Amino acid sequence: MKSITLDINSALSTVSRADIAALEPKATEALDKVISATGAGNDFLGWVNLPTETTEALLDDIIACADHLRATCDTVVAIGIGGSYLGAKAVIEALSDSFAPYRPAIQGEPKVIFAGQNIGEDYLYELQDYLKDKRFGIIVISKSGTTTEPAIAFRLLKEQLERQLGVDEARSRIVAITDEKRGALRTLATSEGYKTFVIADNVGGRFSVLTPVGLLPIAVAGFDIRALIDGAAEMEKATAEPSESNLAYLYACTRNALYRAGKKIEILVNYNPKLHYFAEWWKQLYGESEGKDHKGIFPAAVDFSTDLHSMGQWIQDGERTIFETVITVLEQQHEKLIPSDEANLDGLNYIAGKHVDEVNKMAELGTRIAHVDGGVPNLLISLPALREKYLGQLIYFFEKACGISGYMLDVNPFNQPGVEDYKRNMFALLAKPGYEEATAAIRARLD
Ligand code: PA5
C-alpha cells in the first residue's frame, strides 16, 4: 500500500533522537487526550474518527447534490471563510489543471470559485460582473451562520441569482452547509427550503474539510471524495497508537523538540505550485490551533523554486529561528522533456532530454542540503502523487499531529478566542445593534 512518508533525518543536526525521545511521554499523554477526549476542548474532537465513521449514505447524498449542481451550472460559487473554505480550495487546486481558471466555463464540468473569504469591494464587483452571463449556483458555508464576510457575499449573490433565474430556479441551485439548528443561515435555509448539509457541533471549522464543508465543493469540481475519505481513514488507523511509526506522533514530537531548541518558525515548503493553497490550509490549522497563551510555532509557507528568488536569501542566511517542512510529490501526472537546441545560446543542452521534474528534484535536493548546512533543520514529507487518496492521508496526518502538538504545548488546540477581538472592534466601529457601549468606547479612543 503506497502512503505518505516522513523523514526527520535532516533535523538531527539540531535536535538528537534522544531530544525527540525525551518528548515521547508528553506526546503519548497528548495523543491519549485526543483519542479518549479528556483534554481541553474535548467537545471539538468529532474529526478524530470522522473518516472511518463517514457513512455511504452521506457520501451518496453529497455526490447526488454535486451531480445536480454539475448538471445545472457552469460555475459554482463556494461562499465561506477560514475553515469553511480553505480545505476545499486546497484540495481542488492540488488536483486541478493549473490553467483551469482560464478555460471557458461549461455545464457538466463547472468551475468552482470562491467568495466570502474577504470584504473586497472590487472583488465582489468583479465577481458579480463575471457571473452576469453565467449559469451559476451557490454553496454557502458557515458553521456559525453569522460570519460577516460570507453573509455579505451571500446577500449579494443570492439577489443576483434570483434576478437572473427567478426565485424558484435560484432556490434549486443554492445549497447551505451550516449548524443543524442554530444561526441565521439555518433560519434562512429553512425558510427558503434550500438543500442543506450539517456541520456537526463537535467539528471545528479548520478540522472540517472531510465533512460536507470540503466534500461538496470538491465533488462539484469533479474529484473523487470516496478516495479522499479512504486515504484519511487509512491514516486515522495508522495514527492511533503512540509509536515512531505513527507519523503524526513523530512529526509532533520532532517539531516540538525543534521549538524547544529555539526554532520558533516552521516554514512549509512545496516544490509544486498546485500545493500553494494546501499551505494556506495548513497555516490556518496550525496557527489557529497553537498560537495561544503567548506560545506556538509560527506557521509560514513558501512555494519553491519561485520563492527561492525572493525568500531564499532570508532562509539561507537570516536569523536562525526557523525550520522547514518540505512536501515533495514523487510522481508527476504528465511528462515534459527539455528539448535540445542546436545554437544552445541559453547553455541548457547539458540537461536536454531530461524531465523537467528531474531538474525540479535537483533544485529541491540542492536547496535542502544548502539550508541544512546553513542551520535550517529539515523535515521531509513525501507524497506518492497528487491524488485524492494521498491528499486524504496528508490532511488527516496534519490534523492528528496538530491535536497532539497543541496538547504538547499545553494549549487548547480547538478554540480560537483571539479571532473574536477584531470582530468586536469591527462591529463597534460599524455601530452594530447591541454594541452601543463598545462603539462609544472605541470612538472615544479614535477622537
Ligand atoms: O476554524 C475556524 O473555526 C474558523 O476559521 C472558522 O472556520 C471561520 O471563522 C468561519 O466561521 P463560520 O464557518 O462559522 O462562518
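Start at 1 and go down the list; that is how both ligands and their atoms are numbered. Please read all numbers here as calculations on a predicted model, not as lab measurements.
- Closest to atom 3 (O) of ligand 1 among all protein heavy atoms lies Gly205 N, 3.5 Å.
- The single protein non-hydrogen atom nearest to atom 10 (C) of ligand 1 is Ile81 O, 3.2 Å, given as residue, atom name and distance.
- Taking a cut-off of under 4.0 Å to the non-hydrogen atoms of Gln284, the atoms of ligand 1 that pass are 1 (O), 2 (C), 4 (C), 5 (O).
- Under the 6.0 Å cut-off for aromatic ring centres, Tyr286 and Phe298 do not qualify, their centroids lying 6.0 Å or more apart.
- Applying the 4.0 Å criterion to heavy atoms of Thr147 picks out, from ligand 1, the atoms 11 (O), 12 (P), 14 (O), 15 (O).
- Between Trp281 and Tyr277, the ring center distance fails the sub-6.0 Å criterion.
- Formation of a donor-acceptor pair under 3.5 Å by the Asp74 side chain with backbone atoms of Gln107 is not found in this model.
- Under a 4.0 angstrom heavy-atom cut-off, Glu149 registers as lying outside contact with ligand 1.
- Taking the six-membered ring for Trp, Phe397 and Tyr251 have ring centres closer than 6.0 Å.
- Remark: among candidates Lys423, Gln416, Glu288, Gln117, the nearest residue to atom 4 (C) of ligand 1 is Glu288, based on non-hydrogen atoms.
- Within ligand 1, the atoms closer than 4.0 Å to a non-hydrogen atom of Gly83 are 5 (O), 6 (C), 7 (O), numbered from 1 in the order shown.
- The side-chain heavy atoms of Glu241 and Asn246, taken from C-beta on, include no pair separated by under 4.5 Å.
- The closest side-chain heavy-atom distance from Lys263 to Arg255 is not below 4.5 Å.
- Under a 4.0 Å criterion applied to the non-hydrogen atoms of Ser144, ligand 1 contributes the atoms 12 (P), 14 (O), 15 (O).
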